[in-house]
Amino acid sequence: MGLKKYIVFSILLIILIFGYVFSVEPGEYKITVLDISLTLPIAVWVILPLLVLFIGSVSHMLYYSLKSYLKYRAILKDEENIMQSIKAYLLQKGDKTSYKTKAFKDISNILSQINFEVKDSNFTTSNNEINKIVSLIKDINNGIYVQDKEIKLEPTSKLAHKNLLNKVDAEIDFCVEILKKPMNYNSDVIKKAFLNVVDQKSMTTVKKLYENVSLDKEMGKKLFEKSAKNPDFAIVNEEVIKITKNLDYDKNDYLELAKLYKDAYQPDDLISLFEDLSKEIECSTEAYLYVLFEFEMIDRVRELLTSYADEEYPAFRAFIDLKDAGKQYSLESLCFKS
């Protein structure tokens, strides 16, 4: 029975009892307690216990109804909050949502200890906002840049970092801006931006920006490849020396550099470059000898080898001996075949 029905039928019952008693005995009855007298109709005295019971029972039901209502409201609120928590965890944000019910507190505690990953399989739920978030996360994981206004990411989260890398791949002008102010970005973002700029922008632009970043060997190789393809705007010798020094090039790295530049540079320019390198960096001498051999400058090789002990650079000395013996071989085929 609902509370309203209970109140209505209780009042009707009290009225009926009052009417019946009053019709049977309309007189009055006096009660005295501690010199205090109270005279009321007998019918009133009969229904007083009923009124007390009625008021007590209604108060009891109102109390527990209110308690149940508040609990129900708390559950509804916690249902909303758990959705907010799930959104936060999906977006790799810290969750500060508070819960009023123990069950949802326990669920929230469990969720906070789980790594949320969106699978490639179809995802569907009745919550459209979560569906949208999952869809955008999938886009990010698939290499698509998602605008900040579409999804609010925690700046320090892995997801935000991945989205930033996607933006680097999507917007070449953003890559240029990164290289102008690299101190604001992580090394992997700077590297990706640099490689994209080298691939897509002119050598003139690259030369304006590369000094702003710390190069690794992969970045240096891409820079030198770009320079080799644009000999009219190539990096000057002093810069090549500086870059290779910073990258701790070994003799094999210098040989690779010589092979890269062999067909791009004019002979005199290439010889000049590696002569300068050999004067500055001992381990680049082998690459210098290689360049001299490529241009058949045997006498210059002989002269250079006299500056070194007999046991140094045996491959080049052996090649000269073969030349002197009339044996025709290429240095590339004997020593430096890739």
Side-chain angles (χ1 to χ4, degrees), residues 191 194-195 197-199 203-204 206-207 209-338:
K191 181 175 180 176
F194 176 81
L195 295 177
V197 167
V198 170
D199 283 341
M203 190 62 196
T204 303
V206 173
K207 288 174 71 174
L209 297 171
Y210 80 87
E211 292 183 341
N212 295 342
V213 302
S214 297
L215 303 177
D216 61 19
K217 283 193 175 181
E218 182 185 358
M219 296 163 71
K221 182 179 179 181
K222 290 293 184 181
L223 178 61
F224 291 141
E225 288 174 351
K226 182 81 170 184
S227 180
K229 293 176 182 177
N230 298 269
D232 293 338
F233 302 94
I235 302 171
V236 297
N237 292 3
E238 291 80 4
E239 285 301 307
V240 174
I241 294 171
K242 179 181 176 182
I243 292 169
T244 56
K245 273 186 175 181
N246 290 337
L247 294 176
D248 293 325
Y249 264 32
D250 58 25
K251 67 176 184 177
N252 292 325
D253 293 321
Y254 284 110
L255 283 169
E256 289 300 318
L257 183 62
K259 294 176 185 179
L260 176 65
Y261 279 169
K262 181 176 65 175
D263 297 326
Y265 272 49
Q266 293 297 321
D268 289 344
D269 293 335
L270 187 61
I271 291 169
S272 173
L273 169 61
F274 279 88
E275 183 179 13
D276 290 345
L277 280 167
S278 67
K279 291 176 181 178
E280 292 273 347
I281 306 162
E282 181 66 27
C283 67
S284 68
T285 301
E286 192 165 325
Y288 179 37
L289 291 168
Y290 167 81
V291 169
L292 292 176
F293 265 113
E294 282 295 308
F295 296 115
E296 298 290 331
M297 301 187 72
I298 306 302
D299 290 338
R300 196 163 174 179
V301 173
R302 293 180 195 272
E303 180 183 350
L304 184 60
L305 288 175
T306 60
S307 304
Y308 298 92
D310 291 343
E311 63 271 14
E312 293 186 89
Y313 306 111
F316 294 96
R317 295 179 190 278
F319 189 73
I320 289 178
D321 291 340
L322 287 172
K323 282 276 190 181
D324 292 341
K327 305 293 184 181
Q328 299 299 320
Y329 295 98
S330 69
L331 185 65
E332 186 77 21
S333 65
L334 288 175
C335 304
F336 305 113
K337 195 170 184 179
S338 299

When rounded to the nearest 0.5 Å, the distance separating CD of Gln266 from CD1 of Ile271 is 11.0 Å
In this structure, CD of Glu225 is separated from CG of Leu260 (nearest 0.5 Å) by 6.0 Å
Beyond-backbone contact of Met219 with Val213, side-chain heavy atoms, under 4.5 angstrom: yes
Looking at Lys191, I want to see if its NZ is surrounded by more than 12 non-hydrogen atoms of other residues, nucleotides or ligands under 6.0 Å. yes
Rounded to the nearest 0.5 Å, the CD atom of Glu218 sits from the CG atom of Leu247 at a distance of 11.5 Å
Begin from the C-alpha positions of Phe274 and Leu292 and carry the test side chain to side chain contact (heavy atoms under 4.5 Å, CB included) through to its verdict. CA-CA 9 Å; Phe274 279 88; Leu292 292 176; over 6 Å; no
Between the NZ atom in Lys279 and the CD1 atom in Ile241, the distance rounded to the nearest 0.5 Å is 9.5 Å
Take atom NZ of Lys207 as the centre, draw a 6.0 Å sphere, and report whether it contains more than 12 heavy atoms from other residues, nucleotides or ligands. yes
Taken in chain and number order and not counting sequence neighbours, the residues that satisfy salt bridge (charged side-chain N to carboxylate O under 4.0 Å, His left out) with Asp253 are Lys217
request  = State, with a plain yes or no, whether a side-chain heavy atom of Leu223 is found less than 4.5 Å away from one of Met203.
outcome  = yes
Of all heavy-atom pairs linking Ser227 and Ile235, the shortest is OG-N, 3.1 Å
Given the options Tyr288, Phe224, Tyr249, Tyr254 meets ring-ring contact (aromatic ring centres under 6.0 Å, His included) only with Tyr249
By salt bridge (charged side-chain N to carboxylate O under 4.0 Å, His left out), Glu296 pairs with (sequence neighbours left out) Lys323
request  = Just do the side chain to side chain contact (heavy atoms under 4.5 Å, CB included) check on Arg302 and Leu305 with the steps written out, would you?
outcome  = CA-CA 5 Å; Arg302 293 180 195 272; Leu305 288 175; 5.9 Å; no
Closest non-hydrogen contact found for Ala264 with Pro231 is O-CB, 3.6 Å
Closest non-hydrogen atoms of Arg317 and Glu312, given as atom of the first, atom of the second and distance, are NE-O, 2.7 Å
*Phe194 side chain reached by Ser214 side chain, heavy atoms, under 4.5 Å*: no
d(Glu286 CD, Leu255 CG) to nearest 0.5 Å is 5.0 Å
Report the relative orientation of the aromatic rings in Tyr313 and Phe316; use parallel for angles under 30°, tilted for 30 to 60°, perpendicular for over 60°. perpendicular
What one should report as the nearest heavy-atom pair of Val198 and Val206 is CA-CG2, 3.9 Å
One should read off an interatomic distance between Tyr290 OH and Lys262 NZ, to the nearest 0.5 angstrom, of 3.5 Å
TODO: Taking Ser278 for its side chain and Ser284 for its backbone only, find out whether a donor-acceptor pair lies under 3.5 Å.
DONE: no
More than 12 heavy atoms of other residues, nucleotides or ligands under 6.0 Å from CZ of Phe295: yes or no? yes
